[in-house]
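Report on one structure; see the data block that follows.
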Amino acid sequence: MTPQSSGGIKFSNGMNIPVELHKVRVVQKLHLKPVEERYEAIEKGGYNTFQLNTNDIFLDMLTDSGTNAMSDNQVASMLRSDDAYAGSQSFYRMEQAVRDVFGKKWVLPVHQGRAAENIISQTFISKGDVIPMNYHFTTTMAHMELNGGKVFEIYTDEALKIKSDVLFKGNIDTVKLEALIDQYGPEKVPFIRMEASTNLIGGQPFSIQNMMEVKAIADKYGIMMVLDASLIGENAWFIKQREEEFKNAPVSEILLTMCGMADIVYFSSRKVSSTRGGGIATNSEELYMKMRDLVVLFEGFTTYGGMSVREIEAMAVGLYETTDETVISQSPSFIEYTVNELDKLGIPVIMPAGALGCHIDAMGFLPHVPQKEYPAGALAAALYLVSGIRGMERGTISSIRDENGNDILADVELLRLAFPRRVFTLSQTMFVIDRVQWLHKNRELVGGLEFVEEPAVLRFFNGKLKPTSDWPQKLMAKFREDFGNSL
Ligand code: F0G
């Protein structure tokens, strides 16, 4: 394994192949429908892949959120869950898992990651505050702004480059960070947020070295550190692969080192432990007490926080499994394989490969589609049409409008093809590569999109769009020409 490899097993031809280190015991039938039916489905869904029904989808690569495959031990644990409104043993087992895996004593359960963001934002952010971070996440920014805060992304110059050799594009630029704190004054900065495997810039990790530098600045100014640990397993895996000092460290130790630098660790369990739900963890009783009553108000009692006890049990097991390299390396190894194969074909993808998914650069893929016509959204719709693969737009549609109603164009315009853990096989991955390649060859046929229905908040979820011309029909005709009657 080379230091930059994300896993897989070395074959005799020298290639790292992402061999599945698990066996399939429960399966779900998939639906590969004719292109004409997919056309009807995407039309009905307003060219927004969030609006599709999984009945019309072949490979669902929308997200890893709540879609990672659970382990046999997780499913088994759900049977012993303890139904109780208060004081459930399931909660105490989960609390112990958070203590063991993240090293945090006080745990507040919440129904999912954004609920943690709501509670943290309401508790610590006041009007006029500034919150520095490596990069925003959609729901994070929405909650912070709702509470009067302003998000500042203090990424390094490499972070937004599509193709780069820098192994930690999720790092914070410490010089810019200090300048920002000096500019606004530390009293205006309630905390610094670091997001593990920085989602919106392509699942890019930060290094322990960088986190230590950021922590030193936080300590110097007396500012709290908040860690979004939703994708911490993969970030820890990348640290082991890419940060020399940690190449022999167990992942469990890397996780404890990362969490040890944060005053508050919050997470979406939909990601980190392959279940549902989420949590907020801290070693400070004072911080815990500040947040506790909001959990009761918005989530549920402090020993279930809006989750079912079954989920809490599976979450405990899933958190322990986050320390298992065969679990956390699975998705990065498939992503790396896909990214390398697409790169060889001349298709613009975010490099180095990150966590969560393979990220295709839609502006590089569709240079003829202006950014105001949402190239990443158009690419997501086009790929679904020609393959039944559902990806997610992570570009300007996922952004917002300014006070004059103009789109704030996204820094990067990405089509994300998520690899939920242990869900897809290598032949399915090869199908993805093949259809993306076909679409790339026929990319001039793909046009733009425009909104017809636009929600005011998080518009990418429920918004409806339409094509700016009859390009979907032309693309469909070309598909039939090349593939005949095949699906
Ligand atoms: N933080 C990060 C880094 C995330 O990726 C997500 C969700 C959240 C917070 C919010 O958690 O969904 O449980 O409320 N990411 C999903 C995705 C939705 O598809 O990337 P949630």
Side-chain angles (χ1 to χ4, degrees), residues 48-50 52 60-68 108-121 131 133-144 146 151 153 155 169-170 193-206 226-236 238 258 262 264-281 298-299 305-307 311-312 315 318-319 322 331 335 350 354-359 376 380 390-395 397-399 410 412 414-421 423 457-462:
N48 178 353
T49 56
F50 275 100
L52 293 168
D60 191 2
M61 307 184 87
L62 185 75
T63 177
D64 63 342
S65 177
T67 59
N68 289 331
L108 289 164
V110 292
H111 80 272
Q112 64 184 85
R114 71 200 67 181
E117 294 170 339
N118 172 37
I119 286 161
I120 293 169
S121 299
I131 307 102
M133 59 187 67
N134 46 357
Y135 207 76
H136 80 278
F137 183 68
T138 50
T139 53
T140 321
M141 184 151 92
H143 279 295
M144 290 180 173
L146 204 62
V151 164
E153 291 157 329
Y155 47 79
K169 292 204 281 184
R193 172 178 176 273
M194 288 192 86
E195 181 182 311
S197 303
T198 328
N199 187 332
L200 293 190
I201 58 167
Q204 298 294 314
F206 59 74
V226 172
L227 173 64
D228 181 334
S230 305
L231 288 165
I232 197 171
E234 286 77 4
N235 199 128
F238 287 125
M258 294 169 83
I264 293 175
V265 174
Y266 78 88
F267 50 93
S268 167
S269 282
R270 301 175 64 83
K271 288 176 136 63
V272 70
S273 58
S274 305
T275 46
R276 316 289 173 270
I280 310 173
F298 288 105
E299 301 300 307
M307 275 184 272
E311 298 289 359
I312 295 176
M315 188 172 152
L319 284 172
T322 301
S331 165
I335 294 165
I350 291 221
L356 209 173
C358 163
H359 296 77
R390 167 161 78 166
M392 188 192 286
E393 191 270 0
R394 296 277 75 162
I397 296 177
S398 299
S399 177
V412 277
L414 305 175
L415 166 60
R416 180 180 88 185
L417 301 176
F419 278 88
R421 288 178 191 164
V423 170
V457 179
L458 299 173
R459 62 183 183 172
F460 58 90
F461 282 133
N462 286 309

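Residue indices begin at 1 and follow the sequence shown. Numbering of ligands and ligand atoms starts at 1, following listing order.
- Between the side chains of Thr275 and Glu311, no donor N or O sits under 3.5 Å from an acceptor N or O.
- Of the polar atoms of Arg114, at least one N or O is found under 3.5 Å from an N or O of ligand 1, judged by distance alone.
- Close approach of ligand 1 to Met392 (heavy-atom distance below 4.0 Å) involves ligand atoms 19 (O).
- Looking at atom 6 (C) of ligand 1, its nearest protein heavy atom turns out to be Phe137 CE2, 3.3 Å.
- Counting only N and O atoms by type, the side chains of Gln112 and Ser269 include no donor and acceptor under 3.5 Å apart.
- For ligand 1, the atoms sitting less than 4.0 Å from at least one non-hydrogen atom of Asp228 are 1 (N), 2 (C), 3 (C), 9 (C), numbered in the order shown with element in parentheses.
- Residue Glu195 has no N or O atom closer than 3.5 Å to an N or O atom of ligand 1.
- For ligand 1, none of its N or O atoms has an N or O atom of Arg193 under 3.5 Å away.
- Checking side-chain atoms of His143 against main-chain N and O of Met141 turns up no donor-acceptor pair under 3.5 Å.
- For atom 20 (O) of ligand 1, the nearest non-hydrogen atom from the set Ile232, Asn199, Val110 comes from Asn199.
- Only the side chain of Arg270 comes within 4.0 Å of ligand 1, counting heavy atoms alone; its backbone N, CA, C and O stay farther away.
- What you find for Val110 and Ile280 is that their closest heavy atoms are CG1-CD1, 4.3 Å.
- A salt bridge does not link Asp64 to Arg421: none of the charged nitrogens lies less than 4.0 Å from a carboxylate oxygen.
- When each atom of ligand 1 is checked for a heavy atom of Thr63 under 4.0 Å away, the hits are 17 (C), 19 (O).
- Rounding to the nearest 0.5 Å gives a distance of 5.5 Å between CG of Asn199 and NZ of Lys271.
- Expressed to the nearest 0.5 Å, how far CZ of Phe50 lies from CZ of Arg390 amounts to 8.0 Å.
- Applying the 4.0 Å criterion to heavy atoms of Glu117 picks out, from ligand 1, the atoms 1 (N), 9 (C).
- Taking distance alone, with nitrogen or oxygen atoms compared against 3.5 Å, Arg416 approaches ligand 1 more closely than that limit.
- If you check each of Asn118, Thr139, Leu231 against atom 10 (C) of ligand 1, the one with the closest non-hydrogen atom is Thr139.
- Of the protein's non-hydrogen atoms, Ser268 OG, 2.6 Å is the one closest to atom 13 (O) of ligand 1.
- Below 3.5 Å of separation, one finds an N or O of Lys271 facing an N or O of ligand 1.
- Using modelled atom types and a 3.5 Å distance limit, the side chains of Glu195 and Tyr135 yield no donor-acceptor pair.
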Could you walk me through whether Thr139 and Arg114 satisfy the side chain to side chain donor-acceptor pair (under 3.5 Å) test, starting with their C-alpha distance in whole Å, then the side-chain angles of each, then the deciding distance to 0.1 Å, before giving a yes or no?
CA-CA 6 Å; Thr139 53; Arg114 71 200 67 181; 4.8 Å; no
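- Judged by the 6.0 Å and 45° rule, Arg394 forms a cation-pi pair with Phe460.
- For ligand 1, the polar-atom distance check finds an N/O of Gly113 within less than 3.5 Å of one of the ligand's N/O atoms.
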